[in-house]
2 protein chains.
Amino acid sequence: MRTHERVLARIETGLSAGKWSIGERLPAERALAEELGVSRPSVREAIRILEAMGIVRTAVGSGPSAGATLIDRPAAGLGAAVRLHVASGTLPVSDVVRTRVLLEAGAVRDAAARVTDDAALARVRAHVEAMAAPDLDVTAFVEHDQDFHIELVRLGGNQLVEAILSGMRAAVASYVVTGADAVEAWPRTAARLCAEHRAIVDAVARHDGAEAERLMREHIEGFYREAGLGEH
Amino acid sequence: MRTHERVLARIETGLSAGKWSIGERLPAERALAEELGVSRPSVREAIRILEAMGIVRTAVGSGPSAGATLIDRPAAGLGAAVRLHVASGTLPVSDVVRTRVLLEAGAVRDAAARVTDDAALARVRAHVEAMAAPDLDVTAFVEHDQDFHIELVRLGGNQLVEAILSGMRAAVASYVVTGADAVEAWPRTAARLCAEHRAIVDAVARHDGAEAERLMREHIEGFYREAGLGEH
DNA sequence: GTACTTCTGTGGTCTGTCCACAGTGGGCTA
DNA sequence: TAGCCCACTGTGGACAGACCACAGAAGTAC
């Protein structure tokens, strides 16, 4: 086993044992190196991995905010992994779409069952209205679209689902932009997408999980079909 | 932007541009460092992250197999991320279970629609029978159980779903073992789980996607409830 | 009491060195 | 000539030591 893997294993053991909690700091790199009898670069490599996985955040300087602080960002690591694999071209778009359908349909159903926070719903609606602004270019439209979907999924309350979908965000935005360019009458389609978003939010607001799920499924698959993205 | 992040960005750009393909090697660490005008430790940190994400595999020595080779293991990175977050206690088991339900239910539905390969089905059945062996200890039972689930999901044909669930494998195995210990009459429960597995495979074999989906959902949620894992 | 300066601890980075490893090819031996 | 052995070479793995930038904390001057 390589040195940085030993360091990683030690830290992971500490995490499992509850040695540190969110917001606390790991020992300094130099201290950790001495404690484990390894060099600082080896410790750094382990910390880099933890950072890439969204387990810690590092900061220079002194004081409470400096050093490697435990954070809670599952999306970071999952997102990076999905992004890199899509970049390397091994994941087909149809798989990304199907995965979205499964996870978002479930998330929206959960959201309908548990949402009670009107402020959160208002935030989601704000993203829909931002999309509906006239003369919005496609890139900005898609950004708002993604914000809407992620925010809605967050209402479902499942951190893992949220993390996976956040990770897929860049990959999704990429195919949606491609698809939007391929659509004949984009303004009409954009308006329809906004209307579908509103319908989904409304279903969630009245706690109609089954309908919200059905609408979300149709929303994602409908655009995929219309844009002809599956015909490659 | 930190040095290793610049290196990572450059490599990612190369990946997106198709500069290297699966099985090929990245330039040597020293060459990469000189090319980008950075030090070798910075390059190493970037490669460590790629390795942790399942993008490359590194090997010492010389010859074609040495160096950082591009691989295609989405499961590795996703798995590590899920494992570490479960270890740090930020991902509740209930989220893992719910995510399984959504993805596996969908995957098994897809599998029912497309499976034509009897050999693949036979492989899945073999895992069920391995689980049914008498006097199997819990750890071995769970390993076969995981093999079964992953192999079945693979029949669905979605690489991303398979990667995510493969990544969750260790986390799932961990909670199942915990749950098995908590079950009163384990042998009876184990037999029931095997029977449920058989029923799912049968539904897939006769292309009854809706039933396979329902059974899978009930299978995963049923054990979770019976083992009392949601009562923390 | 306030504002400035210095100190201290932190990660960020680089240089240089040595080691272990594995394939390659030349040279030696039978 | 055929086969084997061994040095060579390129690779990642690891370490020591140094210096820098940064940000808060402590001390000092006014």
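Keep in mind the model is a prediction, meaning the values are calculated, not measured. By convention in this document, chain letters (A, B, ...) are assigned in the order of the sequence lines, proteins followed by strands, and residues within each chain are numbered from 1.
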In whole Å, I'd like the distance from the [atom1] atom of [X] to the [atom2] atom of [N].
X     : N      : atom1 : atom2 : answer
A/L32 : C/dG9  : CG    : P     : 18 Å
A/L36 : D/dC15 : CG    : C1'   : 15 Å
A/E5  : D/dG12 : CD    : P     : 16 Å
A/L8  : D/dA14 : CG    : P     : 13 Å
B/M1  : C/dT13 : CE    : P     : 11 Å
A/R2  : D/dA14 : CZ    : P     : 7 Å
A/R44 : D/dC15 : CZ    : C1'   : 14 Å
A/E45 : C/dG12 : CD    : C1'   : 14 Å

Nucleotide of [options] approaching [X] most closely (side-chain heavy atoms):
X     : options                : value
B/T58 : C/dC14, D/dA14, D/dG12 : D/dG12
A/E29 : C/dT13, D/dG13, C/dG11 : C/dG11
A/A28 : D/dC15, C/dT13, C/dT10 : C/dT10
A/P64 : D/dA25, D/dG13, D/dG12 : D/dA25

Open item on the list: For B/R73, I'd like to know if atom CZ has over 12 heavy atoms of other residues, nucleotides or ligands within 6.0 Å.
Closed with: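 Check fails, neighbour count at 12 or below.
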Open item on the list: Is it true that, when you exclude B/E129 itself, more than 12 heavy atoms of the residues, nucleotides or ligands shown sit nearer than 6.0 Å to its CD?
Closed with: yes
Open item on the list: Quick one about B/T58 and B/R25 (side-chain donor to acceptor, distance below 3.5 Å, no hydrogens or angles considered), yes or no?
Closed with: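 Their side chains do not contain a donor-acceptor pair, so the 3.5 Å distance test is not met.
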- [ ] Write down the atom of A/A81, the atom of B/G77, and the distance for their closest heavy-atom approach.
- [x]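 Looking at all heavy atoms of both residues, the shortest contact is CB-C, 4.3 Å.
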- [ ] Using a strict cut-off of less than 4.0 Å between a Lys/Arg side-chain nitrogen and an Asp/Glu carboxylate oxygen, indicate whether A/E5 and A/R10 qualify as a salt bridge.
- [x] no
- [ ] Would you mind checking if B/R83 and A/E12 are paired as a salt bridge, meaning a charged N to carboxylate O distance below 4.0 Å?
- [x]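 Looking at B/R83 together with A/E12, the answer is yes, because their closest N to O distance falls below 4.0 Å.
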Open item on the list: How long is the straight-line distance from CD1 of A/I47 back to CD1 of A/I11, given to the nearest 0.5 Å?
Closed with: 5.5 Å
- [ ] Could you grab the distance from atom CZ of A/R123 to atom CG of A/D147, nearest 0.5 Å is fine?
- [x]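 Spacing of CZ (A/R123) from CG (A/D147) equals 11.5 Å.
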TODO: Rounded to 10°, tell me the angle between the two end axes of the helix from C/dG1-D/dC30 to C/dA30-D/dT1, each built from five pairs.
DONE: 30°
TODO: Specify the residue among B/E51 and A/R40 whose closest nucleotide of DNA chain D lies further upstream toward the 5′ end.
DONE: B/E51
TODO: Looking at every strand, decide which applies to A/R48 at a 4.0 Å heavy-atom threshold: base, sugar-phosphate, or nothing.
DONE: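 The residue A/R48 makes sugar-phosphate contact but no base contact.
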Pairs: protein N or O with nucleotides 19-22 of chain C N or O, under 3.5 Å:
| residue | atom | partner | partner atom | Å |
| --- | --- | --- | --- | --- |
| C/dA22 | N3 | B/S62 | OG | 3.4 |

Task: Residues forming a ring-ring contact (aromatic ring centres under 6.0 Å, His included) with A/H149, sequence neighbours excluded - done: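 If we apply the ring-ring contact (aromatic ring centres under 6.0 Å, His included) test to A/H149, skipping adjacent residues, the hits are A/H197, A/H219.
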